[in-house]
Each structure stands twice: as C-alpha cells, then as structure tokens.
Amino acid sequence: MNFLRRIIICAAVLPIAITTPANAQPENTASSSFNPKISLILQGSYTDFSSAEEASIPGFLLGPETEFRSKGFSLGESELSLEAAVDDMFRGWATVAFEDEAGETEVVVEEAYLETLSLPYGLGVKFGRFFSDIGYQNRQHSHAWDFADAPLVYRAMLANKLRDDGIQVRWLAPTDLFMEFGAEALRGIGYPANDSGDGINSWTAFARIGGDLSASSSWRLGYSRFEADAELREVEDEGTPVHGFTGSSHLNVVDAVYKWAPNGNSRNRNFALHFEYFDREESGQVEDLQSGDQSDYQGTQNGFYIQGIYQFMPRWRAGLRYGRLNADNQVSNPVAGTILSELEDDDGRAERSSIMADYSRSEFSRFRLQFNRDESRQDNDPDNQVILQYIHSLGAHPAHQF
C-alpha cells in the first residue's frame, strides 16, 4: 500500500517537475488570494411619511430607483462583499446588493472590478463595474453615507449614484500637496445615460487637490465632468415606461470637504463639512411613450447640498443637511396631463432639510434616527419623513475614503 501511494504521488508531481525550471522561484502571490475578505452589511429601516403623494420633483424627470422607500419596515440595501489580492499586480472586489424595491427584493451586482496595485509613476487603473469617482459621495456605498438617504441633488441628477461598466485611469502626483487626476470611459448603463448600444456612451474626468491646514484639520477640493448620450432613456410610472429621452447630458460637479479632529485623533471628537454643487445641461427630444407625442427639450438644472456631521462624544454623532434644486427648462410641445408637463413645471425651487443622530455600539454596528422636511414634491406640499435605520457589518471591511 505504501509503495502504491508513492507511485501516485510521483505521478502527480512529475509533470510539475518537468515543466518547471530548476532555478525557478516561487511566485509572489499574496496569501489572501486564497483567503478573500468577506463581509456582509445588514441594513434595514422603519420609515413614516406624512404625505401619500408619489415621488416627484418639479422640472426633473427622475431615473430608476428614486422612489421613496417603503413605508413601515423594509430591508433597505444589504451587501455581500468579497475582496482579495489576486497577485502582486491586481486586487479584486465584488459586491452583491440585496435591495428592497416596492416590497420586492432584488439581487444586483453592484460592483465587480479589478484594480492595479503596483503601476509606476503614481498611475492606477480600475476596470469592470464600479461606482464612478465623480463628486465626493458618489463612490461611497450607501452604508457609508452619513444620512439614511442620498442628497436631493444626487437623487434628481444621478438616480442616487452613478454606477457603470468601464475603465478608470488615475494619476497621483508625487507632491506634498495631494493632487489626483483621472478619467473614466463607460458603457453608459448608469442614469442619466442608458445602454443605447455597444461601445463608449459616457465618460468622466475629475481632478482633486487637498492638504492639511494644521495637525487637527484638513481639506479637499474637487471638480468633475460627466458627459453621456442617451437613446430613449425611459422613465417609469408604477413600473410602466411612460417617457423616453434621446439626446445628450452634460454635468459639472464641484465638491469641497473640510475635516477636523483634535491633533488628528478622531476617536472621541471630530467634525466633517461637505458641500457639492451640480450643474446639468440636457439637449434632445422627449417622447410620451403612451401617446407618441414628441417635443424638443432644452434643460438647464442646478442644485447643491451642504452637510455637517459632529461626533461630540465617543459613539455619538449628530448632523444637519440642506439641499436645493432649481430648473429652467424649455419644452416646445408640452402635453398636458402627461409626464412631459413635469418638465415645464419648474417654477420655484425644490428643497429638503434633514437632521439626524446616530449611535455606534462599535465600528461594526450603528443605529440612526433621521427627520426630513421634504418640500420637493410636485404638489409642493411639505412632507415630514421619519427614518429609523440600522447598519451592521459582519466580517472584515476595508476603510472608507477621506
């Protein structure tokens, strides 16, 4: 039996010995290649609204997944993530999200990309499906947001967050001042584009600078540009496509971040101030998919949000956020009683104010209470929204961005 065992072992090893040079060195492969970090983010909420009207914003045609979350208890967006170094050159990341949509649970591949680890001259490349690096908050997963929902301007212009398939190239300058530049070529599946065919249908470019003001404070400024082509980009009403847009969309984003922590130690106390301004121009044609009516459309829209988050003692934080939207659209043939008329209804402004407080039992668990005063609906009636949210993390999860 021992002799047979030796024969089997020799038969298995011999092909490797023949094809491997005698002076070959072991491949430099990270041990985590066979032991990926796995994490599960559990999110859920209880939500209450004072208004029963459907989600809408005057002067804007909202994209997918922008309806309000279900009233009462809901799953929210839970995530299963895997991360590992493939070898000394690449790192892999994948996230599968379990989303609650109108009372039904959908499974979505949120991100699945490879990223270089050791390119020279400060270069980095990412390819696959990923959140775009435009703006400040867009690249963050929802569990890393400081509020339970996306800012109003993100909801209106990016359908909460821009995610797409493509490639990103970035360069980190070798200077004492933080300077980063990058660009993305994308398929165009993320709103406000749509998957109108093969090739590249949208692209982005971004630039950021930042540094330390003192041992206790730091800052960062950024500018981003997003351009996309759309062909019959659909807008749905209760699951039925009612509107299509064909044309171009151009978005400029300016963001600013300031952070403070005593002597750089954020464990007990810290403060963060975020500001983002969006300016969008759209040009093309809108079509009512029910009646077939068409209209030329020129849209100029802008908005911003500003928020401050203060951790006033260990485990406890409080925050304020204010957002506003404005629209100045021209529609040559508005059709009364259809969704096209919403583009012409751009008088006044849409705004929302939010206040929140959260408690973190540890770095892996958080409970949040939030109140929104939402004055963004089509009927202009204020909506008082209360959200009680929980976020729990199981397993290793990488650190979040600055």
Side-chain angles (χ1 to χ4, degrees), residues 57 59-60 62-63 65-66 130-164 168 170 178-184 190-193 202-211 217-228 249-260 271-282 299-310 317 319-327 349-356 370 372-376 400-402:
I57 299 177
F60 291 83
L62 300 180
E65 301 180 15
T66 54
F130 51 85
F131 290 131
S132 171
D133 261 289
I134 65 168
Y136 176 74
Q137 180 168 299
N138 190 79
R139 67 179 293 185
Q140 299 178 5
H141 288 250
S142 60
H143 67 265
W145 295 350
D146 292 312
F147 288 81
D149 46 18
L152 187 62
V153 67
Y154 269 87
R155 176 168 165 255
M157 297 194 191
L158 293 178
N160 294 326
K161 48 193 172 185
L162 175 60
R163 177 186 62 209
D164 215 325
Q168 176 196 96
R170 63 187 182 279
F178 170 77
M179 299 177 65
E180 184 183 47
F181 305 89
E184 299 164 344
Y191 181 92
S202 63
W203 65 269
T204 74
F206 54 87
R208 303 185 181 99
I209 61 172
S217 60
S218 57
W219 61 278
R220 201 195 80 174
L221 296 175
Y223 168 76
S224 307
R225 171 78 171 181
F226 170 68
E227 295 198 1
S249 182
H250 308 282
L251 176 65
N252 295 297
V253 183
V254 176
D255 64 269
V257 182
Y258 169 81
K259 293 193 174 184
W260 170 87
F271 173 74
L273 182 67
H274 306 164
F275 171 82
E276 292 192 67
Y277 174 81
F278 285 50
D279 183 83
R280 184 173 74 176
E281 293 185 359
E282 292 194 317
T300 300
Q301 300 142 358
N302 60 70
F304 72 90
Y305 80 92
I306 184 170
Q307 70 178 46
I309 306 295
Y310 180 46
R317 304 190 312 161
L320 294 172
R321 182 182 67 186
Y322 174 75
R324 182 193 298 179
L325 291 168
N326 298 281
R349 65 193 185 198
E351 58 186 358
R352 184 176 65 184
S353 302
S354 305
I355 183 172
M356 77 86 187
Q370 178 175 323
N372 294 336
R373 175 73 169 181
D374 192 328
E375 299 178 76
S376 67
H400 297 125
Q401 68 172 30
F402 171 80

Any side-chain donor paired with an acceptor under 3.5 Å for [X] and [Y]?
| X | Y | value |
| --- | --- | --- |
| E282 | S249 | yes |
| D146 | Q307 | yes |
| N160 | Y191 | no |

S224 (side chain) donor-acceptor with G135 (main chain) under 3.5 angstrom: yes
Backbone N/O of Q137 and side chain of E276: donor-acceptor pair under 3.5 Å: yes
Close side-chain approach of R220 to Y136, heavy-atom, < 4.5 Å: yes
Non-hydrogen atoms of [X] and [Y] that approach each other most closely:
| X | Y | result |
| --- | --- | --- |
| A350 | I57 | CB-CG2, 3.9 Å |
| P192 | L158 | CD-CD2, 4.1 Å |
| A150 | W145 | N-CZ3, 3.4 Å |
| D133 | E184 | N-OE2, 2.9 Å |

Gap between atom CG of N252 and atom OH of Y223 - 0.5 Å precision: 3.5 Å
Y305 ring center within less than 6.0 Å of F278 ring center: no
Aromatic plane relationship, F304 with F275 - under 30° parallel, 30 to 60° tilted, over 60° perpendicular: tilted
Residues forming a salt bridge (Lys or Arg N to Asp or Glu O under 4.0 Å) with E227, sequence neighbours excluded: R225
